[in-house]
Amino acid sequence: MADRLRALFKGEALTYAYLLLYIALSSGQIFFNKWVLSSKEINFPYPLGLTLLHMVFSSVLCFFLTKVFKIMKIEEGMTVEIYVSSVMPIGAMFAMTLWLGNTAYMYISVAFAQMLKAIMPVAVFILGVAAGLEVMSCRMLLIMSVISFGVLVASYGEINISWIGVVYQMGGVVGEALRLIFMEIFVKRKGLKLNPISLMYYVSPCSALCLLIPWIFLEKTKMEENSSWNFPLLVLTLNSLCTFALNLSVFLVITHTSALTIRVAGVVKDWVVVLLSALLFADTKLTIINLVGYGIAIAGVAAYNNHKLKKEVSRGNPEEAESSQPTLTAASSDSNK
C-alpha cells in the first residue's frame, strides 16, 4: 500500500513538473523573443530573420538527434506524396504563423497579442466548417460569439493600439488556424500520426525554406545595410534552444497527461503571460476593460474546449479525446505566442 501511494505521488509530482516546465518554457520563450526583437543592446528588429534562424536550428538539431546520434526515433510511413500534399502546406502555415506572430511584437504589447490570440477557436471553427470538419450549431455559434465579444472588449480597452500590429497578429491567427485544419486533414485522411519530434523533423526544413524566400526580399538587404546589430552567439543559441525545448516539453506533457490537462495548462500560461508582461515590459499597460474582456474570451475558450472533449468522448473513442488536439498543436506555435 505504501509503495503504491509512493508510486502514485511520484507520478503526480512528475506530471506537475512537466506542466510547470511547459508553462515556464512557453511563457519564457514569448518574453525572450520580445526582448530580442526590442532590445536596444542587440538591435535585431528582424522577426523574419529570427524565425528563420529558429527553423534552421531546429532542422539541424533534429537531424543530429535522429540520424547522427540516433537518440530519438523518427516514425515510419512518410512518403513523397504525403510530404508534398500534407507536410508542405503545414510547414508553410507554420512559417506564416511564426513570422507574423513575431512581427506583431514590434507593434503591440505581449499582453495585447495574447488577448488577440484568444480568437483562435473562432478562426479554427469557421475554417473547419468551410472544410467540412465541423458542423455549425446554435451552441457553437453562442460560444464563438462569447469569444469574439470578449476579444472586442479587450481590444476596446487597449490604450496604445496599433492596427498594423493587430493585422499582423490576426494574420498569424489565420495561419495557425489553417495549420491546425491541415493537421486534422493530414491525420484523418492520410491515417498517419507523428509525434512532435517526427513532426519537427519533417516540418522544420520546409518552414525554413518558406521563410528564406521572403527574408531574401524583405530583410536581407536591411540586415546587410544595418551592421550595428549585435546578436551574440550565446544569446542566439539559447533563444533557439528554448524554442526546441518548448517542443520537447509539449511532447512530455502530451505523453504524461490528458487533452483536458494540457488545455487547462494553456489557459494558465496565457494568464501568466498577460500578467507578467505588465511587469516586464514598459509598453504593456493593462486596464480593467482589458482584463474583463480577456476573462470573457477565456471563458468562451474553456467552453469550446469542454465541448470538443465531450464531442470526442461521445464518438466512443477515448484515445482520440486524450490525444488528438494536443497532437495537432504539438509543433508549437507557442514559440511565437
Minimum-distance pair of heavy atoms, taken over all atoms of [X] and [Y]:
X    : Y    : value
T103 : P47  : OG1-CG, 3.3 Å
F44  : L50  : CE2-N, 3.9 Å
A177 : M120 : N-SD, 3.9 Å
W229 : N226 : CD1-O, 2.6 Å
P121 : I147 : CB-CD1, 4.0 Å
G91  : V203 : CA-CG1, 3.7 Å

Check: [X] side chain, [Y] main-chain N or O, donor-acceptor pair, under 3.5 Å:
X    : Y    : value
S240 : T237 : no
E219 : G49  : yes
S58  : H54  : no
N290 : T287 : yes
S204 : M55  : no
T243 : N239 : yes
K34  : V110 : no

If two hydrophobic side chains count as joined below 4.5 Å and joins carry through other members, does [X] share a cluster with [Y]?
X    : Y    : value
W163 : I108 : yes
I185 : V129 : yes
V301 : V292 : no
V60  : F69  : yes
I181 : M96  : yes

[atom1] of [X]: more than 12 outside heavy atoms within 6.0 angstrom?
X    : atom1 : value
I164 : CD1   : no
Y83  : OH    : yes
I71  : CD1   : yes

Does [X] reach the side chain of [Y], with side-chain heavy atoms less than 4.5 Å apart?
X    : Y    : result
Y201 : S59  : no
M93  : E176 : no
F112 : V274 : no
L116 : M170 : yes
P45  : M106 : yes
S27  : L276 : no
F57  : L236 : no
Y304 : M144 : yes

Report the C-alpha distance between I23 and V268 in whole Å, list the side-chain angles of each, state the deciding distance to 0.1 Å, and finish with yes or no for side-chain contact (heavy atoms from CB on, under 4.5 Å).
CA-CA 8 Å; I23 293 172; V268 173; 3.9 Å; yes
[atom1]/[X] to [atom2]/[Y] distance, rounded to the nearest 0.5 angstrom?
X    : Y    : atom1 : atom2 : answer
I126 : I119 : CD1   : CD1   : 8.0 Å
L61  : I197 : CG    : CD1   : 9.0 Å
I143 : S148 : CD1   : OG    : 11.5 Å
L48  : L212 : CG    : CG    : 9.0 Å
I74  : Y202 : CD1   : OH    : 6.0 Å
L37  : I42  : CG    : CD1   : 9.0 Å

F32 vs W35 aromatic rings, parallel, tilted or perpendicular, using cut-offs 30° and 60°?
tilted
Geometric class of the Y168/Y107 ring pair [parallel <30°, tilted 30-60°, perpendicular >60°]:
parallel
Run the side-chain contact (heavy atoms from CB on, under 4.5 Å) test on T51 and W215 for me, step by step, so that the C-alpha distance in whole Å, both residues' side-chain angles and the decisive distance to 0.1 Å come before the verdict.
CA-CA 10 Å; T51 310; W215 175 79; over 6 Å; no
Report the C-alpha separation of F182 and S86 in whole Å, then their side-chain angles, then the decisive distance to 0.1 Å, and conclude whether the side-chain contact (heavy atoms from CB on, under 4.5 Å) test is met.
CA-CA 7 Å; F182 288 151; S86 300; over 6 Å; no
Among L21, V273, L246, find the residue that satisfies the side-chain contact (heavy atoms from CB on, under 4.5 Å) test when tested with S26.
L246
Verdict with reasoning, L291 to W271, per side-chain contact (heavy atoms from CB on, under 4.5 Å)
CA-CA 10 Å; L291 295 176; W271 276 108; 4.1 Å; yes
